[in-house]
Amino acid sequence: MSAVIEIAGLRKTFHTLRQGRRVAVDGFDLLVESGQVHGFLGPNGSGKTTTLRALLGLVRADAGRMSVLGADSPERLAEVAGRVGAIVESPQFFGNFTAHRTLRLLALAGGVPTTRVDEVLEQVGLRDRGDERVKGYSLGMKQRLAVASALLKDPELLILDEPANGLDPAGIREMRDLMRSLAAAGVTVLLSSHILAEIQLICDHVTIISRGRRVAYGPVAEVLAGFDQHQWQVRVAEPERAVELLGRAGLSVTAYPEHLVVTGVVDPELISRTLGEQGLWVRELVPLRPDLESVFLELTGDHPHPALPRQVDGAQPLDGVIDLDVRESREVDA
Ligand SMILES: Nc1ncnc2c1ncn2[C@@H]1O[C@H](COP(=O)(O)OP(=O)(O)OP(=O)(O)O)[C@@H](O)[C@H]1O
């Protein structure tokens, strides 16, 4: 596999009058290889957007080396810009234009054949709705239109900042299916998110950033396996006796009101045998696998309120579109 994005030792400090010096990215490394759907995960303010902006030449880095499709960034970014689609800030569409017209204008502005418009509408599942005005679109449809605009030039690499932000579960599923179909078509995808479940659903690889530094990376399954404590949830009729028996057998047990948790056991037979030999029959024996949320919390020290959805912190408003050669413009709802 070849490297599609390489970042080594990226640093960026902002200086503002009100807040003084703020280190946004602090020696960050990232490697995205061809064919990956790579999640870039971190809490709000951890440096994701700054990293992507630096990579795309939208903000100047203080230090570090970066390359995109083998070209040093930002110096030689222009050479590969035609092969990269990126969505980094708010989508800016004319509400009164249809999706079809919007994409046609973007295609003409970018020197892309307008025959691509129907193809990308098809790719993002908007073919049947392409003649409707954008202002009537749902958030998920607007997100997909944004992705469609980044796909116009048939990129090899797609960079998306929080593409599923604010979407409902159905919207997230649609986004996941879209990412998977893009990956199957050979597009490498880097997408940032602060929503753990989203990354776990959509991505095959992940890099976790906390306070501007990489704290974990690799295939999602491997990152999770690295945190597997081999825990088992056990239910029995006499939990107190079970705690005693398991403890006597040298196992580490924690009692909860509804169940026990045994830690550090690779083969669950040990648990059922230890209890069964003393006439205590196991009613339930379930592996407790780590999910990205627990790994993430351990690595970043962020603790969401238990009543809140499975994300690190509150969702932000919709992020939007900057294509490498689509300039920033204001949304006009004429
Ligand atoms: N233009 C700027 N001027 C001053 N500080 C900035 C600027 N851009 C980002 N920062 C600061 O840098 C840090 C990293 O911000 P960044 O937007 O990169 O984080 P993020 O991980 O993308 O967060 P989010 O998930 O909220 O988008 C934050 O403390 C932020 O306040």
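Indexing begins at 1, ligand by ligand and atom by atom, following the structure's order. Residue indices begin at 1 and follow the sequence shown.
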Engineer: Kindly list each side-chain donor-acceptor pair under 3.5 angstrom involving residues 249-270, sequence neighbours excluded, with atom names and distances?
Structural biologist:
from: Thr263; atom 1: OG1; to: Gln231; atom 2: NE2; distance (Å): 3.0
from: Asp267; atom 1: OD1; to: Glu269; atom 2: N; distance (Å): 3.0

Engineer: Take every heavy atom of Gly42, measure it against each atom of ligand 1, and state whether any distance is under 4.0 Å.
Structural biologist: no
Engineer: Could you work out, for atom 23 (O) of ligand 1, the closest of Gly45, Ser46, Gly212 by heavy-atom distance?
Structural biologist: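 Going through Gly45, Ser46, Gly212 one by one, Gly45 has the nearest heavy atom to atom 23 (O) of ligand 1.
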Engineer: Consider every N or O of Phe14 and every N or O of ligand 1, then say whether any pair is closer than 3.5 Å.
Structural biologist: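 No: no nitrogen or oxygen of Phe14 is under 3.5 Å from one in ligand 1.
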Engineer: With a cutoff of 4.0 Å, is Pro43 in contact with ligand 1, counting heavy atoms of the residue only?
Structural biologist: yes
Engineer: Would you say Arg83 has more than 12 foreign heavy atoms packed within less than 6.0 Å of its CZ?
Structural biologist: yes
Engineer: Going by the order shown, which atoms of ligand 1 are within less than 4.0 Å of some heavy atom of Glu162?
Structural biologist: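 Going through ligand 1 atom by atom, the ones under 4.0 Å from Glu162 are 25 (O).
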Engineer: Check side-chain hydrogen bond (donor to acceptor under 3.5 Å, both in side chains) between Glu277 and all other residues, then give those that pass, not counting sequence neighbours.
Structural biologist: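 Applying side-chain hydrogen bond (donor to acceptor under 3.5 Å, both in side chains) to Glu277 gives none.
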Engineer: Verify salt bridge (Lys or Arg N to Asp or Glu O under 4.0 Å) between Arg65 and Glu6, making sure each step is shown before the conclusion.
Structural biologist: CA-CA 8 Å; Arg65 281 183 295 106; Glu6 274 184 294; over 6 Å; no
Engineer: Is Tyr137 atom OH crowded by more than 12 heavy atoms from other residues, nucleotides or ligands, each under 6.0 Å away?
Structural biologist: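 It does: Tyr137 OH has more than 12 such atoms within range.
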Engineer: When you look for heavy atoms under 4.0 Å from ligand 1, do you find them on the side chain of Thr16, its backbone, both, or neither?
Structural biologist: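 It is the side chain that touches ligand 1; the backbone stays farther off.
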Engineer: Start with the C-alpha distance between Arg176 and Met179, add both sets of side-chain angles, then the distance that settles side-chain contact (heavy atoms from CB on, under 4.5 Å), and finish with yes or no.
Structural biologist: CA-CA 5 Å; Arg176 177 194 60 190; Met179 295 305 129; 5.8 Å; no
Engineer: Out of Arg22, Arg21, Lys12, Gln19, who is nearest to atom 11 (C) of ligand 1 when you count heavy atoms only?
Structural biologist: Arg22
Engineer: Below 4.0 Å from ligand 1: does a non-hydrogen atom of His15 turn up there or not?
Structural biologist: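 No heavy atom of His15 comes that close to ligand 1.
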